[in-house]
Amino acid sequence: MAELDKTFDPHAIEARWYPVWEKRGYFKPDMGAEGEPFAVMLPPPNVTGRLHMGHALDDTLQDALTRYHRMTGVPTLWQPGTDHAGIATQMLVERQVEAEGSSRHAMGRETFVDRIWQWKAESGGHITTQMRRLGASVDWSRERFTMDDGLSAAVQHVFVDLYQRGLIYRGQRLVNWDPVLKTAISDLEVESVETAGHMWHFKYPLEDGATYEYVERDAEGHETFRETRDYISIATTRPETMLGDGAIAVHPDDARYAPIVGLKCEIPVGPKAQRRLIPIITDEYPDPAFGSGAVKITGAHDFNDYEVAKRNDLPMYRLMDDAAALRVDGMAYDAAAMRAAEIVATGETPDAMAVDAINLVPEAYRGLNRFEARRRIVADIEADGLLIVIEDKTIMQPFGDRSNDVIEPMLTRQWFVDAKRLAAPAIEAVEDGRIRFIPENWSKTYFEWMRNIQDWCISRQLWWGHRIPAWYDESGNVYVGADEASVRQANNLADNVALTQDEDVLDTWFSSALWPFSTLGWPDDTAALKTFYPTSVLVTGFDIIFFWVARMIMMGLEFMGDVPFRDIYIHGLVRDADGAKMSKSKGNALDPIDLIDGIDLEALVAKRTSGMMQPQKAAKVEKATRAEFPNGIAAYGTDALRFTFAALASYGRDIRFDLGRVEGYRNFCNKLWNAARFALMQVPEDFVPAADGDVELSAADRWIISRLQRVEADMATHFATYRFDLAANAAHDFVWHHLCDWYLELIKPVLAGDASEAAKAGTRRTLVRVLETTLRLLHPLMPFITEEIWQRVAPLARGRALTKEGESISLQAYPVSDAARIDEHAEAEIEWLKKVIGGLRTIRGEMDIAPKQKIPLMVAGAATTDRDRLTRHRRAIDFLAGVESIDEMAADAIPESAVALVGDMQLRVPLAGLIDTEAELARLDKRLAKIDKDLTGLNKRLGSDFVNKAPADVVDKTRAQADDLTREQAELTDQRARIAAL
RNA sequence: AGGCGCGUAGCUCAGUUGGUUAGAGCGCUACCUUGACAUGGUAGAGGUCGGUGGUUCGAAUCCACUCGCGCCUACCA
């Protein structure tokens, strides 16, 4: 007998099977297979990454889909790989280099980039190792990295092509600048956080001491305030930017300032002798109802101001360097101020380069960081008596999501993708259904963003990444091409013309956007590309719809002429038990590997408190961790973890991760394991399932086969609709509550008793075959345990002769529901049996009859079918309800007893010596109260318009229910009266 | 400000096109170490579905309003 251990132990099993699967190449697509190919692109994790709960969820769902489709026999590809994560990787290696006392600048670009490659070779594969622990059935032979040669060629090709068609351009624009990383970042990489700040109100004195009547009026036009002023009141949250003001803007309809529009006012900071005068202009932008209604315009340091400045040809004076310290370069302040005054006076619009040379930072502030400069400027203005008031105000402060430093809007020259033009077809693809979001609602988020899309800044001032394929000659002309040689050739540039390549690299997401086709070999026309593009489904979280999903759609349509995937399944974000986002910095993250292998409390605390960005939080994190996991985390195994993710993956926005669920599904694994153990104990090792002619299938056999068809159909539906939660529930319910609770129990008396050989043969065959099918049904969700059991069960289910060496459940056919094997008679019969046993068990339970105490059963009102069934299932009833005898007699001949009803049949258990009268009365009263309540509701409905307006079948069903309850009520009432009379 | 979503048993969540006597898992109570499984078994307690109003023969399910919560996008200088 191939007996299994008593308790399921995931570790040995997991370690054994994954390498076998991978080595035997099960995860490679069978390109010769028939049917619609199925392909999934793994969202490439960051090469510096570690597997977190979000990955584990994402990987589980993709693997379930992939294994499911692979088992249906179609060519199936799950394409893996990682991205080069420009900023993250460069930062990581830079820190290492700095720890060694060097720096990237000291090393030089080439050496530093080599060093990153070296790091990648040694440590860049951590997350892929972790994915194997999850059982991810990706085709590792096709693993790609965004900086691979092929993918780099694709990037270059796309860049050159878009440039040539005018969809990529270079321009001086205001971008989000990260002063720590010293690079531009996209607006998606900026995180706005509410921060306590101030709003400072300053007086900007009018030129030559001019005055005006400042008048405020209410809605009816009555004057509410009047004052003679020689200044205009300006509020700002960022006083340091005042130095670069180009104008003061007021709304054209704002009567308060009409008298002074066209005049000039003085920026109240800097050496008195050279204070700059700026014009007061009108623009639609200022909101008269907010603040003073007048806004200072600093085009080079604010996105709104930038637009106003562009509209009004105002000069944009850059005040800071790449570290966001106030500039020290360029001309001296007095010269700069004079030049700026000239520009105001003449109304000229100098070109951007010329303006950039003008450094309007007074010497006293030069070199200060922006926050120190702010303090000094405020102090100086206050000392001058030009500070009106300081308000406390919560402001939305932009932070870089990598550096966590305050992002500075900075005027720089960058490369951009004209996203609006690419977005139009991408919007259409979702509108017309070529791409489907699941759940569908996410399309709204997508549209919202796509319809307001801004040009995409794709250049980064980094060394690690795809270098921009653009070259400049000495006069600054730009040439774009695959490499220097082709640029020279295409532009007839002689060898003596000096060309230098653009120093910048491309945004990592630029290469990720090409992932669905670059990984398949594009721009070459490969078999993989032909077979698998468009891919079937993208599985990802909503947090990267903009970053990645939208951009893949744009690029796919542009370069492949077709959508990159047909479905986008968006799952929730994994949160902790309190609903908080898991993060390292909060110290509430769980490592999926720890849930698989287990971790003791001390190790968990150490892990959560080490390497924290804010070490002062360590004590709090430790306390919370000790409270939440007093015993650490048990080892649940991969299958239990995966099943949990599937069960939690409903169509919601977030997923609260509950350890209790993992434990429950670990128990489920054990249940399955033991069901198999039981099955293996029921058949000899050389078991060969009998042929149809030699077996007799009992109602229980036919019932479980029938139920199996139903759950097979459910699983197919749930996979097709991405309802992993329902799939998990359906499988769980079938295994636990059908197979284990009933089928295995029902067959025990058959196999152990004196049933016919044909009946035993039928039951054994059914047992192993249903189990074998169930394993295949579960395999996409729990690959390891199902493989392990299947290896022992499959030979029994099919017979040794049909079993080949070296087979795996991975490549077996996924069970398909067969409507012909749904057996309603067997289902009705077993439902009846469950009611009989359930009724008796309820009596036993509520009457406190000891489990070992057998009960006599008296039956009244049995129909012929009841009688037949009682005979047929006598062994099961005795075994499962502890019955010692069954006697049929007339109702009034039965002594005082507890009663259960199954249809019209009364099941009576005599009270004598067994049953407490009071308890039975209480039980009957409870049941009668419930019947009364339900019956009242039903009768009320039947007495209303319901009978005229509701569909006939619904009315009939309701009538039948009411009739049943009325009969039951009558019998129980009668029964109650007799017992009460005792 | 706009968009999206959520509020169903103590907890975490299902509930498909309105027709049930509103479900599951965990937790809880009682009993049970019976020979697959105590990571188990049997029985049981526990919700009128955030609130109000409406549509309908019928609403957890549709509509309106309302309260509470969350997320995203854009922000007022």
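Just so we're on the same page: letters track the sequence lines, and every chain starts at 1.
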If only side-chain N and O atoms of Lys444(A) are considered, is one of them under 4.0 Å from the OP1 or OP2 phosphate oxygen of rC72(B)?
->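 For rC72(B), neither OP1 nor OP2 has a side-chain N or O of Lys444(A) closer than 4.0 Å.
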For Asp654(A), enumerate each residue passing the side chain to side chain contact (heavy atoms under 4.5 Å, CB included) test, keeping only those at least two apart in sequence or located in another chain.
->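 Checked Asp654(A) against side chain to side chain contact (heavy atoms under 4.5 Å, CB included); matches are Arg575(A).
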With Asn452(A), which residues qualify under side chain to side chain contact (heavy atoms under 4.5 Å, CB included), at least two apart?
->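 Applying side chain to side chain contact (heavy atoms under 4.5 Å, CB included) to Asn452(A) gives Glu448(A).
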Heavy-atom contacts under 4.0 Å between residues 931-941 of chain A and RNA chain B, which residues?
->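 Only Asp934(A), Leu938(A), Arg941(A) qualify.
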When you check every protein heavy atom under 4.0 Å of nucleotides 39-47 of chain B, what one-letter string (B, S, -) results, 5' to 3'?
-> BSSSSSS--
Using the test salt bridge (charged side-chain N to carboxylate O under 4.0 Å, His left out), find all partners of [X] that sit at least two apart in sequence or belong to another chain.
X: Lys957(A); answer: none
X: Asp714(A); answer: none
X: Glu772(A); answer: Arg776(A)
X: Asp956(A); answer: none

Kindly give the atom pairs (protein nitrogen or oxygen, nucleotide nitrogen or oxygen) under 3.5 Å for nucleotides 14-17 of chain B.
| unit_1 | atom_1 | unit_2 | atom_2 | d |
| --- | --- | --- | --- | --- |
| rA14(B) | OP1 | Ser650(A) | OG | 2.7 |
| rA14(B) | O3' | Arg723(A) | NH2 | 3.4 |
| rG15(B) | OP1 | Arg723(A) | NH1 | 3.1 |
| rG15(B) | OP1 | Arg723(A) | NH2 | 3.4 |

For residues 286-303 of chain A, tabulate all N or O donor-acceptor pairs below 3.5 Å that involve a side-chain atom, not counting sequence neighbours.
| unit_1 | atom_1 | unit_2 | atom_2 | d |
| --- | --- | --- | --- | --- |
| Asp287(A) | OD1 | Ala289(A) | N | 2.9 |
| Ser292(A) | OG | Ser233(A) | O | 2.5 |
| Ser292(A) | OG | Ala294(A) | N | 3.2 |
| Lys296(A) | NZ | Thr241(A) | OG1 | 2.8 |
| Lys296(A) | NZ | Asp245(A) | OD1 | 2.9 |
| Lys296(A) | NZ | Thr298(A) | OG1 | 2.8 |
| Thr298(A) | OG1 | Asp245(A) | OD1 | 2.7 |
| His301(A) | ND1 | Glu408(A) | OE2 | 3.3 |
| His301(A) | ND1 | Pro409(A) | O | 3.4 |
| His301(A) | NE2 | Leu319(A) | N | 3.0 |
| Asp302(A) | OD1 | Asn304(A) | N | 2.8 |
| Asp302(A) | OD1 | Asp305(A) | N | 2.9 |

Just the atom pairs and distances: protein N or O near nucleotides 73-75 of chain B's N or O, under 3.5 Å.
| unit_1 | atom_1 | unit_2 | atom_2 | d |
| --- | --- | --- | --- | --- |
| rC75(B) | O3' | Asn304(A) | ND2 | 3.4 |

Sequence neighbours excluded, which residues qualify as side-chain hydrogen bond (donor to acceptor under 3.5 Å, both in side chains) partners of Asp392(A)?
->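 Asp392(A) satisfies side-chain hydrogen bond (donor to acceptor under 3.5 Å, both in side chains) with His198(A) once adjacent residues are dropped.
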